[in-house]
Amino acid sequence: MTELPETILMIGVALVLGAVAMALLRLTLGPTVPDRVVALDKMTVSIVAFCGLATIWSGDAAFLDVALVLALVGFLATVALARFTERAVSRDAEREEDTQ
Amino acid sequence: MEPLLAITIGILVAAAVYLMLARNVLRFIFGLVLISNAANLTIFVAGGLTAGAPPLIPAGAEAPVDLVANALPQALVLTAIVIGFGLFAFALVLMFRAYTTLGTLYSDDMRVAEPRPEPKDAP
Amino acid sequence: MNSIILRVGTQYLSGMLLLFSLYMLIRGHNEPGGGFIGGLIGSTGFVLYAIACGTDEARRALRVMPQNIAMAGLGIALLAGIAAAAFGDALFTGQWLFINPTEDSKGIPLSTVLVFDIGVYLVVFGSIIALVFAMEEEI
Amino acid sequence: MNMALSNLLLAAAWAIFFGAFTWLSVISGLVIGFGVLWLLQPLHGGNARYFRRVVYWLKLIVLFLWELLVSSAQVLWDIVTPDHRSNPAIIDMPLDVKTDAGILLVTNLISLTPGTLSVDVSPDRKTLQLHVMFADDPDAVIRDLKGGMERWVIDAVEDVA
Amino acid sequence: MGNDAAHASARGNGIIGVVPVIIALSLFAWFLSLTPQLSDGGTVRWVWQWVPSLGISMSFLLDGLSLTFALLITGIGTCVFLYSNTYLAGHPQFNRFALFLTAFMLAMLGLVLADNMIGLFVFWELTTITSYLLIGFGHTTENGRRSALQALFVTGAGALALLAGFILMGFSMGTFELSEILAQGDALTKHAMYLPILILVLAGSFTKSAQFPFHFWLPNAMAAPTPVSAFLHSATMVKAGVYLMARLHPAMSGTDVWFWTLTVAGAFTAVFASILALRQTDLKQALAYTTLMALGTLTLFLGQSSGYAMTAFATFLVVHSLYKAALFLVVGCIDYSTGTRDADTLGQLGRVMPVTALAAGLVALSMAGFPPFLGFIGKELKYAGILAIGSEPLLFASALLLANALMFAIAGIVALRPFWLTQEGEYARAPKEAPWPMLVGPVLLAVLGTLFGVNPDLLQTTLIDPTVASLLGSIEDAKELKLWAGVNMPLILSIATVALGTVLYILHRGLRARLIAITTAAPNFDRGWDAFLNGLKGFAAWQTRVIQPGVLRIYIFATFATVLVAIAGTMALRNAWPAMPDLLAVEWQELGLALLIIAGAVLTVITSSRITAMAALGVVGIGVALIFIVYSAPDVAITQLLVETLVVVLVAVAMLRLPLLDREGRDHRPLDAVLAGAIGLSVTAVLLAVIETPIDRRLTDYFEVTSWPEAFGRNIVNVILVDFRALDTFGEIAVVVIAALSAYALLRMTDLGRDK
Amino acid sequence: MSWTLATPLVLPFLVAVLAFLTRSGPAGRWVSVAGNALLLVASIVLMTRVLDHGVVAAQMGGWGAPFGITLVADYLSAVMVVITAITSLAVSVYALTDVGGRKEHLGYHALFNVLIGGVVGAFLTGDLFNLYVWFEVMLISSFGLLVMGGTRAQIDGGVKYVTLNLISTILFLSGIGLIYGMTGTLNMADIARTLPQVENQGLVSVIAMMFMVAFGVKAAVFPLFFWLPAAYHTPAFSVSAVFAGLLTKVGVYALIRMFTLVFDGDVAFTHTVLLWVAALTMVTGVLGAAAQSDMRKILSFHIVSQIGYMIMGLALMTPLAIAGAVFYLVHHIVVKANLFLIAGVAERITGSTELSRIGGMYKSAPLLAVLFFVPAFSLAGFPPLSGFWAKYVLVAAAIEDSGWIIAAVALLVGLLTIFSMTKIWAEAFWKSHPEGTNPALSLMTQSERRHLLTPIAALATMTLVIGFYPEPFVTFAKDAAAQLLDPSAYMQAVLGVPS
Amino acid sequence: MSVLIAAALIILGSLLTLAAGVGILRLPDVFTRMHAATKVGTLGSGLIMAGVAVQFGEPAIVLRCVLIVFFLLLTAPIGAHMIGRAALRIGIEPWTPKKD
Ligand code: NA
Ligand code: NA
């Protein structure tokens, strides 16, 4: 198999990291809890992409396992946070704080 | 990369320490997560960094054909991560229980084991 | 959690997680994976179950007290280490048995090391479930 | 699903004839096995469900991927263009799909096709709450979904009595 | 005051009461049988190697000095045991009392017989403990406990100094055996460490023998039952200090420091104590102070090295023991039968308690120093000895004269008033003669005093000569004990003493009033003790409030501050700074990862929204995982991601019952920020310094070549975990299990509510 | 050979598993007792082996040093294991009455025995990272035991205990990472061999100080001991007894091990710091005790002050001083554990440990009075009890080394120790009970008395034996010190090559 | 040939990932942002995985890539659903353009 040009991969990495950065920005800005959760979820998915790039770059399939695990388990955090949001607010604990 | 990571770890530690010094023990927990990560990174960095070569022996080979990453620190970090998780989990539950039992997360108000001295104690 | 979508998704996902965790456990000695990772993944299966369907149902599905699973795992791991005594070796010396070895491959390996890893799996699996369930039941 | 099983067996046999589990051998095995089974249909009490089911599945997958690509463009466009020309709204869609698998499939596929997002299913499983990005004509959206995605899913996973 | 006598009843305490008497008596007999061997200044030594690795043995040396003490201890012990068997008849805690008193006697014997300094110290401390328990016999009263603690603390403090002195002496002289040290002549006085040794040893002796300014504990120790006082404060414990000084006299005396310290302290204590004695109305207290006076006098003589002084010391040692023990016992009898010891109340007991009165009379005459009693000889020798002092003899002589005169007066107060003068108060119960076991002691001692007075050389040959011999080396130095030494200076002084004493006795009530006025004005050491204790407690409380304030934040701050000092301080002191790294070599994607982590960390710090904090932690976790991915650690990355997920899940669950992060305002702590920043910096510095050294991969190299051939695994990390370092992994899973169990227990354990 | 070392380590975990799986019935507690009896046997076997062969070492997993994990026992390790077994046996018997069914069902015995396993592991391992692992095992099980019971005081104390110990743990872990970065090895003997070749020796001192702080927290030295007085008076008595006896000593052990074997390159600096730490620890601890009025709080602060003595021995670094430290370790574990056990009985019959609320035991519980008197006055350093010899050797070492100030401090602190011990004696035993009751041992049932008093009596007897016949213990301590000050035998045993 | 396809897939996937990031950042409310994250993001990662599969072509790797994509397609919508319903239940109103 012929190697992919390094530049292609680097562009890929740059774009993916850019996506992560934007998600991070959204995470910081909020404004609502679900916004932050979405941002975190997006990051997880981006890491899967990153693992794909790492796989090609290193030529080692080991990183696909990372992606596999993440694809399967990553959304658990999203679910937990989403449930927290829902319950916490339905308990009316903190509308005034976290959802701002 | 190592120097950059050294700085990153320093910042992680600083953030962690600041959080651990907070009144609210929940922030201590956050700090604990950060500082655990910092400690794990420390081991990882101290063991030397090798990019793109996981410590796996390819099928058919007796040993890694060319340079692969230092496996020992990885094993140590893995152990430390799991231990760290165990400690974190207990600490979290403890703080949780502290709130449900003592009614506060503010360490300044946790004065059951060491009550404030009454004035009569003063010399 | 009264979400049909989540509950139905969990039906498939938790099964897959358990299966996948075992896969990671078995292959762990030669490729990424092993007892820790396996155990962690397996536990997430039941964590998801508990989140989606409540701990009572999850406990019923598990049948055994998770802490017992964990302790048993510890015992298994320990026995895997003590087994070496029977062969006059030091504690935690791996004992290997290769079924129908051929000249090109060692054959199918059975080893105390694998047993140890299984112990690790059970410990991580049981402990995390015990923790999360107990926590879940507090809220 | 015993038909699927036999199909797999045939494929396996085919591959063994070749003495190698390569992509070529396995896939060709599946195709040829399918063909053989179709020929021998009468042998199996002449029920055509399996063959229809397989066709529907393929149809579902292909159409879904197509939907995915096409409507991604819409969202992309809205993302990259400075102004939001989208007109989002929450709309309720009546559900005909019954089985758990069906519901999951429908909701997920709807969510995955850009422009629509399944937010929640009512406890009675009768209505699906959707967030639609381009809800200029909600009824049209619902019509498309029911005629498209839901239809295909029902065909693929549920037995039409 | 008679609270300990209150339990009294005619019958004794059965076998328990008799055993100690037998022990003491047989020991006395045994020592008596040894006198012939020692009368010519010979010694008997017995050794058992106890802790040879530390040069510590159980070696006992019997010479004149120790024999004298041994006889006094066992002899008086016999009387006291006999006495107390009746005095405390039927007392519920008599068994303990007997045990403690016997233990004390044996410890005291060990002390005076021990030849190894550490052995001596062991017995020294045993007397401290046993006397603590004896003085605390009235443990239910605040005062009893206070006195016990005071005695223990003061003598204990001295003992620690003494221990240091002994160790120092042992290392300086190369042996812990006293006999070997004494054999080395003036080697010790010439040694560079002589002064510290002397100070430390004297600190021990003075506290034990209640020399000024450590005298205050002794009168309080009278809280003990009278027989205890009779024993401890006549012949035994308080004399331990005197014994030690006498024991070390050959090796340490002869220097100016020795002379002046002992002479001045002794003289001052003598006068000071006898004045205070005159103050007392409680007979027991009065006797206690006269004991101080006696101890002062003995110390005074030990300051000298003349034959007269030593003979005087030896004689007065015996004299005082005899009459003081007797008087204590007499006072005990009075207390026992009248229920009071108040000098002003007592009177007219002569007729109801004739035997007691007789004994008291004889003893008092000896104490006052009338011929033909031993006390007279003692007093003559004292004057002879004092006049032999090298410098300022007249000054010390007059001091001694005053002290003796006061003693004369006290003798009158104690032995004359209660029996023959008119009673001025009411008795608790109708007084009657004390039962015979309580009379044996006083009478016997009184008779001895008279006997030795009439026939001095009986005492001379058996005790005095050998004692002087062990002090000065040969019996030739001992001066002769005579009733009539012709008209000489001592005799004149004696007459002066009698005259002055009579005057004082007549005036003593008026004097007492004035003395009380003066002494209450003067600084009171007993009140000083309370001040000391309160000061100590106060300081302790203050210190504890400062360093253990019970506020977690302060603890954490202190801990981190220590970390900072340890790291940064050492880097500065040991100059371990790293070279400035070349940060331009960094590639942009690496920078990206670093910034991602940093951003997450910063966000966690600044946000006051818990969910943001949680998500930010997730970001850090993801960033770290990315680093693990980029630098080829798939297993670690997977574990990290899984753990981070579980962390988020757990926190998200816990949060549902936890309140908001900030109660009031934002969380802004400049000082903490400074500390945190400093620690972060020093961590970076250390890390930079560490990564300067290239990593040595010899362990990993081994794992790489053995992993597959010997451990049959291609995933080296996993092989390390389950094979090469399986023990680590085992411990680790134990941590995981126990963490789960602990957390579970914590959540399930409902408050058992055992705290108020 | 290897199993002589492995057995004492494996046993507690085996016991833990069995005790946990049988926790529903009364079997669990007896499993624990039997297991600890076996542990005692195993540890004595190990001790005899060590006495015969000097230092013994074994490679776990059969992987040679420095690649695999080494278990190694020299005199110090061996005696610590024996004393651990004795303490754990005593406490497990005591727990038969002291620990109720609820706690047992939540896994008390598992936690307790895993704790013991961690302690033994820490004493036996020759691998730095493995030492970290055992520290964590101890730490987490101590967390569980500390808060088991869930009283408000326990939770509060737990928060402080946990937070501060976690900080030290992280520091320890990072320190290991750095050491590995500098030496490329984890085997302590190998580190000791490699560290001198590091050119930045200043950095080595820095790492040494990091370890000093990390272990300093565990050992509860000034100014890092806050967690101890905050927590040790809160849990079940059997728990606080084993904590007081063992846990801090593991920190001291680690300090001794690291600062004799590994960090002996910059003694002039590190051990001077240690000396100051020792002095301040002694003083602050004993003053803290003087300020308390609760039996367990007094005893807790005394742990701190006594730790100072042991550190003093290490700091002086002379044969006699190290011997003193070793002797002190052994003596103190026995005495201190016993005092906490006695406090438990006192609380049982008087209803409290607060001195103002109790009393009268001298009159109505003379046996307990005797049993308290022995360890208490041993702690206060009265001859001829074990504490006297411990203090004597240390003071002698200080004087021999012309360490006048530290010697003076040691003696003075001894005096203040007398003060607190007699305070307990006077208040709890001499003084009459404020409510006029007569707290007698007969208030407990026959079996309760048997379970509670047997271990106390046994430990008190040990104190007396050490006190009256110290020679073998002193010679042993001296030999241990010799081994520690000349690690060549240790390294020979571990690495198989003369260093 | 396969290299070119792989390169194309990767660049495209990375671009979509970035686009998703931009969407997260720019779109007006949580629901619209979820649209971007859930599908555009998933699609992006999916394409990258396709690129990996093409690049390696080995059955084992291809299978893993397929699994990863499958898992992503299975979990991402569930996560999105959880967030969306939480958002609705805590009363976040969907953004609507100002009709003027
Ligand atoms: Na961690
Ligand atoms: Na950790």
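Computed from a predicted structure; not experimentally measured. Just so it is clear: chains get the letters A, B, ... in the order the sequence lines come, proteins before strands, and each one is counted from 1.
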A.B. asks: Please classify the contact between A62(A) and chain E as side chain, backbone, both or neither, with a heavy-atom cut-off of under 4.5 Å.
C.D. replies: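 The answer is both parts of A62(A).
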A.B. asks: Identify the two heavy atoms, one from L53(A) and one from G12(A), that lie closest to each other, and give their separation to 0.1 Å.
C.D. replies: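 Answer, listing the atom of L53(A) first, then G12(A): CD1-C, 3.6 Å.
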A.B. asks: Quick check against the 3.5 Å criterion: does R610(E) have a side-chain atom that pairs as donor or acceptor with the backbone of L660(E)?
C.D. replies: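 A pair under 3.5 Å: no.
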A.B. asks: Looking only at heavy atoms, which two atoms of A23(A) and M43(A) are closest? And how far apart?
C.D. replies: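 Looking at all heavy atoms of both residues, the closest pair is CB-CG, 3.8 Å.
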A.B. asks: Return the minimal non-hydrogen interatomic distance between V16(A) and A49(A), and the atom names on each side.
C.D. replies: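 Shortest heavy-atom separation between V16(A) and A49(A) comes out as CG2-CB, 4.3 Å.
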A.B. asks: Is there a side-chain contact between L40(A) and T78(A), using heavy atoms and a 4.5 Å cut-off?
C.D. replies: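 A side-chain contact under 4.5 Å is absent here.
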A.B. asks: What part of V651(E) gets within 4.5 angstrom of chain A, counting heavy atoms only: side chain, backbone, both, or neither?
C.D. replies: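 Neither part, no heavy atoms under 4.5 Å.
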A.B. asks: I622(E), L626(E), T607(E): which one forms the most heavy-atom pairs within less than 4.5 Å of chain A?
C.D. replies: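 It is L626(E).
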A.B. asks: Could you tell me which portion of L650(E) (side chain, backbone, both or neither) has an atom closer than 4.5 angstrom to a non-hydrogen atom of chain A?
C.D. replies: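 Neither part; nothing is under 4.5 Å.
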A.B. asks: When only pairs under 4.5 Å are counted, which of A67(A), A39(A), A14(A) shares the most heavy-atom pairs with chain E?
C.D. replies: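 Heavy-atom pairs under 4.5 Å are most numerous for A14(A).
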A.B. asks: Which of the residues L593(E), L596(E), L603(E) is involved in the greatest number of heavy-atom pairs with chain A at under 4.5 angstrom?
C.D. replies: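 Most pairs with chain A among the choices: L603(E).
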A.B. asks: Against chain E, work out which of D60(A), L70(A), T44(A), L68(A) has the most heavy-atom pairs shorter than 4.5 Å and name it.
C.D. replies: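 Maximum pair count with chain E is reached by L70(A).
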A.B. asks: Only one of V69(A), V66(A), V73(A) clears side-chain contact (heavy atoms from CB on, under 4.5 Å) with L641(E); which?
C.D. replies: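 Exactly one option meets the side-chain contact (heavy atoms from CB on, under 4.5 Å) with L641(E), and it is V66(A).
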A.B. asks: By a 4.5 Å heavy-atom criterion (distance strictly below it), what part of S58(A) contacts chain E: side chain, backbone, both, or neither?
C.D. replies: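 For S58(A), neither part sits under 4.5 Å from chain E.
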